[in-house]
**Student:** 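Before I ask anything, let me first share the structure, which is written out below as structure tokens.
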Amino acid sequence: HVYSVASIAKALHVKRLVTGNFDKDDPEVFRLWGFGFDTLRFLSSSQKLGDVAGRKALIDEVFDGARRLVEFDYPYGNLIYRDDNCIFFLCAVQSDFNWLETIVRIAAAKLSKAELAPRFERSEARADLIGLPDLIEQVRKAASAPTQPQDETSIRAAFHREWRQNGKPI
């Protein structure tokens, strides 16, 4: 309970610092933001036990890097949920989510050699945590869907770009 209150207080303080004022009756206090991967698909392409451990460590590294970014480097909010497939934060309304998503997408692509493509979700501005289970379910469904050609960090996207430009695969 204390951690939840501290997370909400952090979002309120960030909002106050950014906007210069605070209205206690404002319904737009924070947003829920998170992302996830299809971890089982990523791990299942491993050939050996060491490969599984390495791939799991890679996913943990992406999640830990996102946590460091959101909680410490650019203190937008706090971690409120994490499992093997996804991670969610309670962030100030004014957080730059597009920038965060770009940083996480680039880091995941570099670390995994473009095998991991995170799926992002964010809530509308709110003053309660209702809706977190729905966001988690949306990320899980999106992450388990096949990679779309529009996803610029995927190998499939590179294949489609090359095919359209030159009429042949990479």
**Student:** Look only at the side chain of R55 and the backbone of F42, and say whether a donor-acceptor pair between them is shorter than 3.5 Å.
**Tutor:**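 Yes, R55 side chain to F42 backbone: donor-acceptor pair under 3.5 Å.
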
**Student:** Side-chain heavy atoms nearer than 4.5 Å, only ILVMFWY residues, links allowed to pass through others: does that put V93 and F88 together?
**Tutor:**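 Each belongs to a different hydrophobic cluster.
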
**Student:** Would you say R31's side chain and S123's backbone share a donor-acceptor pair under 3.5 angstrom?
**Tutor:**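 It does hold such a pair.
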
**Student:** Quick one: does V14's side chain get under 4.5 Å of Y74's, heavy atoms only?
**Tutor:**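 Counting from C-beta outward, V14 and Y74 never come under 4.5 Å.
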
**Student:** About how many Å separate CG of L132 and CD of E137, when rounded to the nearest 0.5 Å?
**Tutor:**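 So the gap between those two atoms works out to 11.5 Å.
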
**Student:** Can a side-chain donor-acceptor contact be found between N78 and S7 if the only test is distance below 3.5 angstrom?
**Tutor:**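 Indeed, the side chains of S7 and N78 share at least one donor-acceptor pair under 3.5 Å.
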
**Student:** May I ask whether V139 and L40 are part of the same hydrophobic cluster, defined by side-chain heavy atoms of I, L, V, M, F, W, Y residues being less than 4.5 angstrom apart, directly or through others?
**Tutor:**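 Result: no, two separate clusters.
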
**Student:** Shared ILVMFWY cluster between F37 and L69, side chains joined below 4.5 angstrom?
**Tutor:**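 Linked, F37 and L69 end up in one cluster.
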
**Student:** With sequence neighbours left out, what residues match E121 under salt bridge (Lys or Arg N to Asp or Glu O under 4.0 Å)?
**Tutor:**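 By the salt bridge (Lys or Arg N to Asp or Glu O under 4.0 Å) rule, E121 matches no residue at all.
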
**Student:** Got F63 and R82 here, is their nearest side-chain heavy-atom distance under 4.5 Å?
**Tutor:**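 They are in contact (side-chain heavy atoms under 4.5 Å apart), so the answer is yes.
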
**Student:** Can I136 and R140 be said to form a side-chain contact (heavy atoms from CB on, under 4.5 Å), step by step?
**Tutor:** CA-CA 6 Å; I136 293 167; R140 286 188 177 147; 3.8 Å; yes

**Student:** Mind checking the CD1-SG spacing from I80 to C91? Nearest 0.5 Å is all I need.
**Tutor:**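 That separation rounds to 8.5 Å.
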
**Student:** Which word best sums up how the rings of F35 and F120 line up, parallel for under 30°, tilted for 30 to 60°, or perpendicular for over 60°?
**Tutor:**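 Geometry flag for F120 against F35: tilted rings.
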
**Student:** Does E61 reach the side chain of L111, with side-chain heavy atoms less than 4.5 Å apart?
**Tutor:**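 Yes - at least one pair of side-chain heavy atoms lies under 4.5 Å apart.
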
**Student:** Would you say V70 and L79 make side-chain contact, with heavy atoms under 4.5 Å?
**Tutor:**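 No - every pair of side-chain heavy atoms lies 4.5 Å or more apart.
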
**Student:** What distance separates D51 CG from L58 CG, expressed to the nearest 0.5 Å?
**Tutor:**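 Those atoms lie 12.0 Å apart.
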
**Student:** I want to check something: taking the side chain as every heavy atom from C-beta on, are E101 and V104 in contact at a cut-off of under 4.5 Å?
**Tutor:**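 With C-beta onward as the side chain, the pair stays apart.
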
**Student:** If we ignore hydrogens and angles and just use 3.5 Å, is the side chain of K10 paired with the main-chain N or O of L90 as donor and acceptor?
**Tutor:**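 Side chain of K10 to backbone of L90: no pair is present.
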
**Student:** Under a 4.0 Å threshold between the charged nitrogen and the carboxylate oxygen, would D38 count as salt-bridged to K141?
**Tutor:**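 No salt bridge links K141 with D38.
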
**Student:** If you compare all heavy atoms of A11 against all heavy atoms of A92, which two are closest, and at what distance to 0.1 Å?
**Tutor:**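 Scanning both residues, the minimum pair turns out to be O-CB, 3.7 Å.
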
**Student:** With heavy-atom distances below 4.5 Å as the criterion, would you say the side chains of R126 and L32 are in contact?
**Tutor:**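 Sidechains of L32 and R126: in contact.
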
**Student:** Is there a side-chain contact between F89 and F30, using heavy atoms and a 4.5 Å cut-off?
**Tutor:**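 F89 vs F30: side chains apart.
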
**Student:** Quick one: do D84 and K56 make a salt bridge, cutoff under 4.0 Å?
**Tutor:**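 Between K56 and D84 there is a salt bridge, with a charged N closer than 4.0 Å to a carboxylate O.
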
**Student:** Any carboxylate oxygen within less than 4.0 angstrom of a Lys/Arg side-chain nitrogen, looking at R67 and D73?
**Tutor:**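 Here R67 does not pair with D73 in a salt bridge, since their nearest N and O are not under 4.0 Å apart.
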
**Student:** Taking all atoms of both residues into account, what is the closest heavy-atom pair of A108 and V62, and its distance?
**Tutor:**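 Distance-wise, the nearest heavy atoms are CA-CG2, 4.1 Å.
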
**Student:** Looking at A142 and R119, what are the two nearest heavy atoms and their distance?
**Tutor:**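 It is O-NE, 3.3 Å.
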
**Student:** Under a 4.5 Å cut-off applied to non-hydrogen side-chain atoms, are D96 and N98 in contact?
**Tutor:**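 Yes, side chains in contact.
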
**Student:** Would the Y76 and W33 ring centres measure less than 6.0 Å apart?
**Tutor:**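 Ring-ring flag for Y76/W33: false, centres at least 6.0 Å apart.
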
**Student:** Could you state the interatomic distance from OG1 (T102) to CH2 (W99), rounded to the nearest 0.5 Å?
**Tutor:**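 Rounded to the nearest 0.5 Å, the OG1-CH2 separation comes to 9.5 Å.
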
